[in-house]
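Reviewing the structure listed below.
Order of appearance sets the numbers: ligands from 1, and atoms from 1 within every ligand. Here, residue 1 is the first one in the sequence, and each next residue gets the next number.
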Amino acid sequence: MNSGPIDKSNLPSRHVTEGPERAPHRSFLYAMGLTDTEIHQPLVGVATCWNEAAPCNIALNRQAQSVKTGVKVAKGTPREFTTITVTDGIAMGHEGMRSSLVSRDAIADTVELTMRGHCYDALVGLAGCDKSLPGMMMAMIRLNVPSVFLYGGSILPGRFEGRDVTIQDVFEAVGQHQAGNMSTEDLMRLEAVACPSAGTCGGQFTANTMASVSEAIGLALFQSAGAPAPYESRDAFGVASGEAVMNLLRLNIRPRDIVTRKALENAARIVACTGGSTNAGLHLPAIAHEAGIDFDLEDVCDIFRDTPYFVDLKPGGKYVAKDLFEAGGIPIVMRELGRAGLLHEECMTVSGRTIGEEVDRVAGEADGKVIYAIENPISKTGGVVGLKGNLAPDGAIVKIAGMTEEETVFTGPANVFECEEDAFEAVQNRTYKEGQVLVIRNEGPAGGPGMREMLSTTAALSGQGMGKKVALITDGRFSGATRGFCVGHVGPEAAHCGPIALVKNGDMITLDAHKGVISIDVSDEEMAKRKAEWKGPRETIYGAGSLWKYAQLVGGANKGAVTHPGAKFEKHIYADL
Ligand code: FES
């Protein structure tokens with residue numbers, strides 16, 4: 001690796017550190033203890049989503065210090081800054097959840113603004129909770145400065161009554177408690193031990209799904225996503241990530257050289273074969289949008305359809321992120337994909353090597369327990385599949401990992417709820433019936449606003465033992481921890497008068513994950529009549545503030561629920577200013 005000084009004459013930071021007219025700018029830098037040499041080196045933004053909201057992000061600050069060490073060793077000058085993150089585990093089940101998806105774009109925007117405002121030349125982004133991962137990756141691609149992503153690492157599993165548990169068990173225990181199957185004392189014992197360390201939620205929920213994506217798409221160093229947050233070995237990945245970003249700067253390898261259509265396909269494969277979160281169907285199109293690549297929900301689902309599901313992770317399976325790491329992690333999974341010809345090995349990564357070269361450097365093989373050999377998968381198609389039909393012309397998504405073939409076809413009468421609270425109340429009071437399709441609408445990106453996740457409702461259903469006896473559809477989202485036949489992202493959303501807005505109690509709905517169908521047994525004429533009589537979107541309580549602003553800007557879920565025109569419409573690239 002070349003480690004000589006870097007010529008700054010074309011880098012953004014020359015605008016703040018070079019020439020007599022920048023003397024005031026340098027004064028600020030001297031005030032923070034920077035030396036002359038440091039000021040004239042490239043400035044590297046080290047962005048974290050650190051906060052004290054949840055264990056998911058609490059270890060990011062520590063790891064940022066290691067990143068800074070790596071940047072310094074490689075003759076760069078790190079400048080640490082923080083952005084926000086919203087923690088779904090605490091936002092879940094109330095109005096706060098509307099802030100979650102909105103935070104993804106706020107993270108991308110605030111990282112962009114900090115980088116632009118201070119003219120940083122490169123970026124290492126550290127993220128923990130769900131939305132902070134895609135948010136950080138979106139900023140990297142948008143700015144297109146050399147960038148490395150570093151995940152903060154997963155939590156260790158808790159132990160309860162002799163078994164490993166995660167936060168999912170606590171959400172589901174609420175349902176068991178409501179159903180009278182768990183005592184208050186046991187619930188309190190469980191809540192106290194389920195989360196024993198720093199780190200993100202332990203199953204292949206959204207954070208770990210997107211962390212797997214960070215390696216597969218090439219934006220993170222191989223294996224860097226796997227080590228749990230408390231492991232000291234994470235700090236070595238921090239140093240290596242700092243060094244790697246300086247190497248990228250020297251080689252001028254940028255995020256859009258890495259995030260190509262093929263890299264997105266590799267990322268979608270990883271989601272499918274690990275039974276990852278349906279939220280990837282939202283975040284991958286949004287990441288693609290930042291690179292000017294059309295890669296929508298349908299494209300993601302096409303990849304899902306022909307990818308075997310062979311990594312046995314919760315919530316559909318048995319194991320947690322720590323187990324996957326100990327089984328060799330995402331690199332071994334990618335090797336299995338490569339053996340079946342399902343990996344674009346020529347894609348570039350932040351190490352400066354291709355995916356194929358990285359896979360070749362990895363020792364070990366599928367253990368047959370956490371990672372199955374790809375010839376003997378858990379199921380032949382991905383753990384997440386797309387649906388389309390007259391109830392969702394723009395598509396919908398469902399996670400079927402862990403479900404049997406019979407469980408993935410469902411027909412039943414609709415039981416319609418105008419918001420999640422109404423559905424949760426019905427579940428609590430057991431006023432729904434076995435065999436029904438629960439329809440929760442007005443929870444889309446614009447109509448919610450904020451496209452909430454329905455984990456409280458789905459976990460309560462699972463806790464009552466009804467997870468497989470009803471189906472649920474919504475224009476909102478589901479948590480990566482959701483189990484059962486739960487179809488999300490139904491589009492167009494109700495606020496835009498999608499067919500979901502026109503469903504009435506008792507309408508027969510069919511969901512078929514094999515055929516990829518979501519349909520309503522109501523004639524086109526009748527649906528047209530209902531549309532003509534539709535009274536417009538439900539009024540929300542958000543007449544001002546960031547949620548109002550979001551509702552005005554946000555696009556359809558199938559395109560990633562993005563809030564700006566994307567790379568196709570940009571007139572400059574920040575890195576070249
Ligand atoms: Fe932070 Fe799950 S709530 S990762």
Side-chain angles (χ1 to χ4, degrees), residues 48-63 82-94 96-104 106-107 125-137 149-158 164-174 191 194-214 220 225-230 234 271 274-280 282-283 313-316 320-322 324-325 399 450-456 458-459 477-483:
T48 85
C49 301
W50 179 89
N51 63 31
E52 291 185 328
C56 329
N57 313 298
I58 207 85
L60 295 179
N61 181 265
R62 182 194 95 218
Q63 295 176 55
T82 55
T83 179
I84 66 154
T85 184
V86 171
T87 291
D88 288 8
I90 289 177
M92 193 72 69
H94 54 88
M97 193 61 200
R98 300 198 194 282
S99 302
S100 167
L101 182 59
V102 181
S103 76
R104 182 194 73 186
I107 290 163
L126 295 94
C129 269
D130 302 5
K131 308 306 167 292
S132 62
L133 287 89
M136 201 61 87
M137 289 187 242
F149 178 86
L150 181 61
Y151 186 43
S154 180
I155 200 168
L156 296 171
D164 281 352
V165 290
T166 69
I167 191 68
Q168 177 192 359
D169 294 272
V170 188
F171 274 103
E172 292 185 4
V174 173
E191 73 186 33
C195 298
S197 74
T200 59
C201 298
Q204 192 68 338
F205 313 146
T206 305
N208 282 327
T209 298
M210 295 310 295
S212 306
V213 161
S214 73
R234 291 214 63 79
V271 177
T274 60
S277 166
T278 53
N279 279 316
L282 195 62
H283 299 322
L313 295 171
K314 285 173 185 269
V320 296
K322 170 178 165 284
L324 175 61
F325 174 65
K399 186 171 191 169
M451 205 179 182
R452 286 189 296 183
E453 291 180 352
M454 310 289 142
L455 179 60
S456 295
T458 58
R477 295 180 295 133
F478 292 109
S479 159
T482 284
R483 288 196 288 186

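- When SG of Cys129 and SG of Cys56 are joined through atom 1 (Fe) of ligand 1, the resulting angle is 90° to the nearest 10°.
- Nearest heavy atom pair, residue Tyr151 against residue Ala127, reads CD1-O, 3.5 Å.
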Step by step, work out the salt bridge (Lys or Arg N to Asp or Glu O under 4.0 Å) result for Asp130 and Arg104. CA-CA 9 Å; Asp130 302 5; Arg104 182 194 73 186; over 6 Å; no
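- Near Thr87, meaning under 4.0 Å from one of its heavy atoms, ligand 1 places the atoms 3 (S).
- Of all atoms in ligand 1, listed by their number and element, those nearer than 4.0 Å to a heavy atom of Asp130 are 2 (Fe), 4 (S).
- For the side-chain hydrogen bond (donor to acceptor under 3.5 Å, both in side chains) with Lys131, the qualifying choice from Thr87, Thr85, Asp88 is Asp88, the only one to do so.
- Between Gly276 and Gln204, the shortest heavy-atom distance links the atoms CA-CG, 3.8 Å.
- Because the distance cut-off is set at 2.8 Å, Cys201 qualifies as a neighbour of atom 2 (Fe) of ligand 1 through one of its N, O or S atoms.
- Of the protein's non-hydrogen atoms, the one nearest atom 3 (S) of ligand 1 is Gly89 N, 3.3 Å.
- Interface of Ala207 with ligand 1, defined as ligand atoms under 4.0 Å from a residue heavy atom, comprises 4 (S).
- Summarising the geometry of Asn57 relative to Gly128, their closest heavy-atom pair is OD1-CA, 3.4 Å, with the distance given to 0.1 Å.
- Ligand-side atoms of ligand 1 in range of Thr200: 4 (S), range being under 4.0 angstrom from any heavy atom.
- When all heavy atoms of Asn208 and Ala321 are compared, the closest pair comes out as ND2-CB, 3.5 Å.
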